[in-house]
Number of protein chains: 2
Amino acid sequence: MPLTIKVNEETFTPRQQAVLTAALDLLVENGDGLTMTAVARRASCSKETLYKWFGDRDGLLTATVQWQAAKVRMPQVDRSHLSAKALRLSMEQFARDLLTVIIGDVSVTLNRTAITHAAQEKDRLGLIVLENGPMGIRRRLKPILEAGKDARLLRFANSEDAYRTFFGLVVRDVQIRLLLGDSTLTQSNIEANIEADVKAATDQFFALYGVEATHNRE
Amino acid sequence: MPLTIKVNEETFTPRQQAVLTAALDLLVENGDGLTMTAVARRASCSKETLYKWFGDRDGLLTATVQWQAAKVRMPQVDRSHLSAKALRLSMEQFARDLLTVIIGDVSVTLNRTAITHAAQEKDRLGLIVLENGPMGIRRRLKPILEAGKDARLLRFANSEDAYRTFFGLVVRDVQIRLLLGDSTLTQSNIEANIEADVKAATDQFFALYGVEATHNRE
DNA sequence: TCAGAGGCGTACCGTACGGTACGGTTCGTT
DNA sequence: AACGAACCGTACCGTACGGTACGCCTCTGA
């Protein structure tokens, strides 16, 4: 019994994972370069095997996206014993992880692929990325926000709005510009400012939702 | 590479605009449905004419996106004599227009198309959408922000950050979710909340950058 | 009335790629 | 050793679609 990694009910053998890695590499290297022939050649396997394992091109694509997306795990933040300082650090950590993931080649590629897919009534990939992207973030951030609320460090009517505001403050127009291929946004360019951006976004979030804020949404 | 985007009414004849309309309709109806044959049939013209007018498929796509994107004109806001109330109304108007455009079928389709295109090293469409989307917004919003600053109604170090924060506060995760095909975000669903969202975003923006804000980014 | 331009519709070509078939090879099991 | 399952490599098929060619129609202007 070979070691397998379980991803949402789907298990992949190491060999299969090598294939998925090849597929992902091809995607990142060259967005439309994911032809079955190219994957087979890159992974040194036969097309027949690809079809046997993944059904069809769509299945391979889905498996690739799903497998990779699930690998993006953001560190869980310690929720217990929430001091003001700890909360702030947690939020900053979150912002940093979020930004780092979003500007990565893999994320850009996966989002582009899923969006392309969604443009054809096949929203399967879109839903996967959605679930592992924005929704995943939301799921992890929400308890922290509510812990902050319970600790009287944050004030908001519902955590949904608070999460979405935080998302907006952190991501701003970076993601859409990257997806559209804005050449003025080099990765190194963003990385250089990432700490400043993280701090700014967190400051702004606390200005809006921190208990000491005079202005607060109702 | 001087990417000049100039779409005058004289650039395309009415007949050509009819063709572009057909192409856009096909795009919106069915993202990948833009085949040359389909456009020709829909517009009741010959493929040869399409190639004569637009060069190749890419040219047709570019013309379509360019033509439509340039049609999205947000109202210029009167900048002179800027009262606090006028500024706020301007910002709200901006937020409303921005949200309205972004959740529209056409915008979603165009962004998806451009992103798909950008996934293939051909960032031409991406740049066009970028220019008419985020960058266009930035160009129109910036003078208003600076007028607000001059009138001592807003306070910020540079208008770039202020614009991007506003963008984030307004758009949040709506655009990426729509692009990914999030089925829980129906258009009517968003439209129902659009006024509340607009007000919330504007409130938050003024809380962060208004002169009366106690917390302000440095 | 005629000529030419512009344009429609259709047929056609080439190619890229998804998907299948098959012979040959490796490897595990008995 | 013998057998079979899994798999590799390659050749092959069908189709969809980008792009071209061409015959015919319509409209315009002299």
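Within every chain, numbering begins at 1; the chains are lettered A, B, ... in the order of the sequence lines, protein sequences first and strands thereafter.
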Residue whose nearest DNA chain C nucleotide is more 5′ - B:K47 or A:G55: B:K47
Carboxylate-amine/guanidinium contact B:R172 B:D197, below 4.0 Å: yes
Give me, pair by pair, the N or O atoms of the protein and of nucleotides 26-29 of chain D that are less than 3.5 Å apart, along with how far apart they are.
none

Residue whose closest nucleotide on DNA chain D lies nearer the 5' end, A:E48 versus A:K52: A:K52
Spatial distance of atom CG (A:L178) from atom CG (A:N111) [nearest 0.5 Å]: 10.0 Å
Salt bridge A:E29-A:R42, side-chain N to carboxylate O under 4.0 Å: yes
Touch class at under 4.0 angstrom, heavy-atom based, for A:R15 against every strand present: sugar-phosphate
Salt-bridge present (B:R88, B:E92; N to O < 4.0 Å): yes
A:K199 atom NZ: more than 12 heavy-atom contacts under 6.0 Å: no
Length of the CG-P vector between A:L50 and D:dC7, whole Å: 11 Å
Side chain A:H117, main chain A:D123, donor-acceptor under 3.5 Å: no
B:L145 side chain reached by B:F166 side chain, heavy atoms, under 4.5 Å: no
Donor-acceptor pair, side chain of B:E131 and main chain of B:I128, under 3.5 angstrom: no
For atom CD of A:Q16 and atom P of D:dC8, their distance in whole Å: 11 Å
Covered region of DNA chain C, 5' end to 3' end, by chain A [heavy atoms, under 4.0 Å]: C:dC17 to C:dC22
